[in-house]
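Here is the structure we will look at.
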There are 2 protein chains.
Amino acid sequence: MDLSKNEEDYLKALFYLIVESENDKTSTNQLAEYLGISPASVNGMLKKLRTKKLVDYQKYGKLHLTEQGRAIAVQLVRKHRLWETFLYDKLGFSWDEVHEVAEQLEHIQSEKLIRKLDAFLEHPSNDPHGAVIPTEEGEYRIPPKKTLAEVPAGDFCKLVSVKDSSVAFLQYVTKLGLALSSRIRIVERISFDDSLIIEFDGKQVQITRKFAENVFVV
Amino acid sequence: MDLSKNEEDYLKALFYLIVESENDKTSTNQLAEYLGISPASVNGMLKKLRTKKLVDYQKYGKLHLTEQGRAIAVQLVRKHRLWETFLYDKLGFSWDEVHEVAEQLEHIQSEKLIRKLDAFLEHPSNDPHGAVIPTEEGEYRIPPKKTLAEVPAGDFCKLVSVKDSSVAFLQYVTKLGLALSSRIRIVERISFDDSLIIEFDGKQVQITRKFAENVFVV
DNA sequence: TTAATAATTTAGTCTTAACTAACAAAATTT
DNA sequence: AAATTTTGTTAGTTAAGACTAAATTATTAA
């Protein structure tokens, strides 16, 4: 099945909304909002994707991805994350720069390219944000997530990804000096305002609870 | 200046036709033929490119690229050839597979990506087909073609193409074990009969002058 | 220099994927 | 249960960029 960049973007957005909400469905308006496209336009595209048996819904009903639609979306996620890994590991892009470029690269059509890239990167399991890279066979499971806010005082943990991946947040993280796989120790919890003091790379910083809740760790 | 994939393809085609013919101009029909698009459609796009000051022509006249159009085209060629080099050198694609994928990759918009890629590949000067890679500054000159017969003794060179592509000659080349981009050293020139001894892949063979004159190198 | 041929342009159509405005159905309030 | 609000759909428009057919200009041959 050969899809346009556009159709691929719809599938990816659907996948994102469905997986994020862990709800197995989403709605026209939500999708329109996410893509920044009018609901009317989205409605038109959904009709098309339905005739291609990639999404599944009836008039005024909720949207689901078909098996095939889901499979294609998973492969797009795989491509996106492999490219992010390439940009980060091999080309020295920073953490917050990889997404935008990978957004373009993921649409390149060549199975061989992805297989070779995967091998070149030595079959990575996580992208630079710590997200799991689906396998070639389409296996994709989301590991249970834990935030920095849940780690007991005194314990160590490792940064693997962030919840809010806005540029502003990512830049703040970078400015703090926190990098992917930074080893972090919880020095103290301030019960007064729920902030916490953490230590990494030999320095201590104080962060708010809101910040801690945005940082996923292992 | 932000161009669509389409506009970029037109500029690249124009550049190809103009540079190949070494004529500094081309025509609507020639361009249409090359792109596999009807002359009428090409005419429409040319109008658009003219208003963007990327091509230069008047009604019923010959087509030229403007300085800016040429500069953009050169950068596309640069991107294309850097990606081909990446696919060949790093991912292990064969030389006849790289073009199709590079055709897609060249449209990725990110100056940083190209700079980083160039550095990662250690600033290659030639792509896997032996073609020159334009510099970041847009310098692009086609070097005069050189045959194996012109390489001084002791020097290294790389096979890029052949002059005589008869089956007999190609079979002989293959039998010798010479492949595209084989790294060759000129061991010795026998002045008696102008034959030369070359070394590649750790083995030495003797070839006639006639043979050497049929092999282009870089 | 006129006729024939080739090259180029114009005019009008099609498809895709966006849009707005108006309408219809579903969900929520009162 | 009726009114209101939210959500989803339809209809009609627009912009690219392709197309064909027809018209125009250039070039070549007679």
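First the proteins, then the strands, lettered A, B, ... as listed; each starts at 1.
- Put simply, CG on B/Asn6 is 18 Å from P on D/dA15, counting in whole angstrom units.
- The A/Ser38 side chain lies nearest to C/dT20 when the options are D/dG17, C/dT20, C/dT16.
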**Complete:** Going 5' to 3' through nucleotides 8-13 of chain D and flagging B where a protein heavy-atom sits under 4.0 Å of the base, S where only the sugar-phosphate is that close, and - otherwise, we get SBB---
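- Between A/Phe86 and B/Phe86, the ring-plane angle classifies as tilted under the 30° and 60° cut-offs.
- When only modelled atom types and interatomic distance are considered, A/Asn29 and A/Ser27 share no side-chain donor-acceptor pair under 3.5 Å.
- Annotation: cation-pi pair B/Lys112/A/Phe93 present, NZ/CZ under 6.0 Å from the ring centroid and within 45° of its normal.
- Here C/dA7 presents its C1' atom at 14 Å from CG of B/Leu31, a figure rounded to the nearest Å.
- Distances shown here put every side-chain N or O of A/Ser4 at or beyond 4.0 Å from the OP1 or OP2 atom of C/dT16.
- Residue B/Leu3 is tested with B/Asp9, B/Leu11, B/Leu76, B/Leu49 for a side-chain contact (heavy atoms from CB on, under 4.5 Å); the sole match is B/Leu11.
- Between B/Leu35 atom CG and D/dC19 atom P the separation is 10 Å, expressed in whole Å.
- As a whole-Å value, the separation of B/Tyr10 OH from D/dA16 C1' is 11 Å.
- Side-chain N/O atoms of A/Lys48 include one lying less than 4.0 angstrom from OP1 or OP2 on C/dA17.
- The pair B/Lys12-B/Glu8 does not count as a salt bridge, with every side-chain nitrogen at least 4.0 angstrom from each carboxylate oxygen.
- Going from atom CE of B/Met45 over to atom P of C/dT10 covers 16 Å, rounded to whole Å.
- Considering B/Tyr10, B/Tyr140, B/Tyr34 as possible partners of B/Phe15, the one that fulfils the ring-ring contact (aromatic ring centres under 6.0 Å, His included) test is B/Tyr140.
- Atom-to-atom, CD of A/Glu7 to P of C/dA18 comes out at 10 Å; the value is rounded to the nearest Å.
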